[in-house]
Amino acid sequence: MTKTLYDLTREDWNTLFPIQLSNHNKNWKHIFEREKANIIKNVDNSYFNRIEHFGSTSIPNIKSKAYIDLFIEIPKELLFNKEVIKSFENLGYTYFEVPERENIQAYMSFGKGYNLEGKKEQIYHIHMCPKDNEMTQQLKFRDYLIDNPKRAKEYERLKVELASKHKNDRGAYVLGKTNFVKETLKLYYKKE
């Protein structure tokens, strides 16, 4: 039987796809724009309200995993819609439901560019949810770091430290950033 990405254990993911940071690449913005155009061209545009580049590749001058994160806001009634999921699978994405966890409602996630040999093509992550999902706070986090390069460099230092400690533990790497994200969001709201 052929193995798929759905068959990978957490350990498999950690071994096949270790945390590797790259220097900022100005082409990441263009790679995002091409993928956004691909989505707009091939998916019914009524399925989404907006598509934005977020995550560390959207923040100038900091190291990042070379993954392009796309935030796609959808109408609430399309959350977990099978036709929406199929449209993105037709573009080569693998669908994963992200369960509800610590103040974040469940949402749809898609990945493209992973393979079972651990070789990576350009990797894309889509985070898809309605505008009232807590996941949208990541856009505010991005905006604050873009507007505050000193804080962005602090984030980079944390990421480098976490990547060296947790190269093969994606969960620990992500959790290690949680407090920094929360503190940055407090700074964001303080400036408003």
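Computed from heavy atoms alone, side chains included, the values below leave out hydrogens, waters and symmetry copies.
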Chemist: To the nearest 0.5 Å, what is the distance between CG (N168) and CD1 (I19)?
Modeler: 8.5 Å
Chemist: For K153, I'd like to know if atom NZ has over 12 heavy atoms of other residues, nucleotides or ligands within 6.0 Å.
Modeler: yes
Chemist: Is it the case that the side chain of H24 and the backbone of I59 share a donor-acceptor pair, with hydrogens and angles ignored and the cut-off at 3.5 Å?
Modeler: yes
Chemist: Would Y95 and K86 count as a side chain to side chain contact (heavy atoms under 4.5 Å, CB included) if you check the C-alpha gap in whole Å, the side-chain angles of each, and the deciding distance to 0.1 Å?
Modeler: CA-CA 9 Å; Y95 168 69; K86 185 67 177 159; over 6 Å; no
Chemist: Name every donor-acceptor pair, under 3.5 Å, that has one atom in a side chain of residues 44-58 and the other anywhere in the protein, sequence neighbours excluded.
Modeler:
from : atom 1 : to   : atom 2 : distance (Å)
D44  : OD1    : S46  : N      : 2.9
D44  : OD1    : S46  : OG     : 2.8
D44  : OD2    : S46  : OG     : 3.3
N45  : ND2    : I40  : O      : 2.9
N45  : ND2    : V43  : O      : 2.7
Y47  : OH     : E83  : OE1    : 3.4
N49  : ND2    : E73  : OE2    : 3.1
R50  : NE     : E73  : OE1    : 2.7
R50  : NH1    : E52  : OE2    : 2.7
R50  : NH2    : E73  : OE1    : 3.2
E52  : OE1    : R142 : NH1    : 2.9
E52  : OE1    : R142 : NH2    : 2.9
H53  : NE2    : T57  : OG1    : 2.8
S56  : OG     : K159 : NZ     : 3.0
T57  : OG1    : Y67  : O      : 3.3
S58  : OG     : G55  : O      : 2.6

Chemist: Please lay out, stage by stage, how F96 and F110 fare under the test ring-ring contact (aromatic ring centres under 6.0 Å, His included).
Modeler: CA-CA 6 Å; F96 300 95; F110 299 83; 8.7 Å; no
Chemist: Looking at K177, I'd like to know if its NZ atom is crowded, meaning that more than 12 non-hydrogen atoms belonging to other residues, nucleotides or ligands lie closer than 6.0 Å.
Modeler: yes
Chemist: Any donor-acceptor pair under 3.5 Å linking the side-chain atoms of T9 with those of D12?
Modeler: yes
Chemist: Please say which of I74, N81, L78 ends up in a side chain to side chain contact (heavy atoms under 4.5 Å, CB included) with M108.
Modeler: I74
Chemist: Do E134 and Y107 have a side chain donor and acceptor closer than 3.5 Å?
Modeler: no
Chemist: Please enumerate all residues that pass salt bridge (charged side-chain N to carboxylate O under 4.0 Å, His left out) together with E161, with sequence neighbours excluded.
Modeler: K165
Chemist: Just by distance, do the side chain of N133 and the backbone of C129 share a donor-acceptor pair under 3.5 Å?
Modeler: no
Chemist: Give the cluster check for I146 versus L158: same hydrophobic cluster or not, with ILVMFWY residues linked at side-chain heavy-atom distances below 4.5 Å.
Modeler: yes
Chemist: Any sub-3.5 Å donor-acceptor pair from D169's side-chain atoms to H166's backbone N or O?
Modeler: no
Chemist: Can you list the steps and then say if K112 with E121 is a salt bridge (charged side-chain N to carboxylate O under 4.0 Å, His left out)?
Modeler: CA-CA 8 Å; K112 181 166 80 169; E121 301 165 20; over 6 Å; no
Chemist: I need the minimum non-hydrogen distance between E97 and A106, along with the two atoms involved.
Modeler: OE2-CB, 4.5 Å
Chemist: With a 3.5 Å cut-off and sequence neighbours excluded, list the donor-acceptor pairs that the side chains of residues 179-186 form with protein atoms.
Modeler:
from : atom 1 : to   : atom 2 : distance (Å)
K182 : NZ     : E102 : OE2    : 3.1
T184 : OG1    : R151 : NE     : 3.0
T184 : OG1    : R151 : NH2    : 2.9
T184 : OG1    : F180 : O      : 2.8

Chemist: Are V160 and L162 connected into the same hydrophobic cluster when the rule is that any two of I, L, V, M, F, W, Y join if their side-chain heavy atoms are below 4.5 Å apart?
Modeler: yes
Chemist: Among Y93, Y124, W13, whose ring-ring contact (aromatic ring centres under 6.0 Å, His included) with Y114 holds?
Modeler: W13
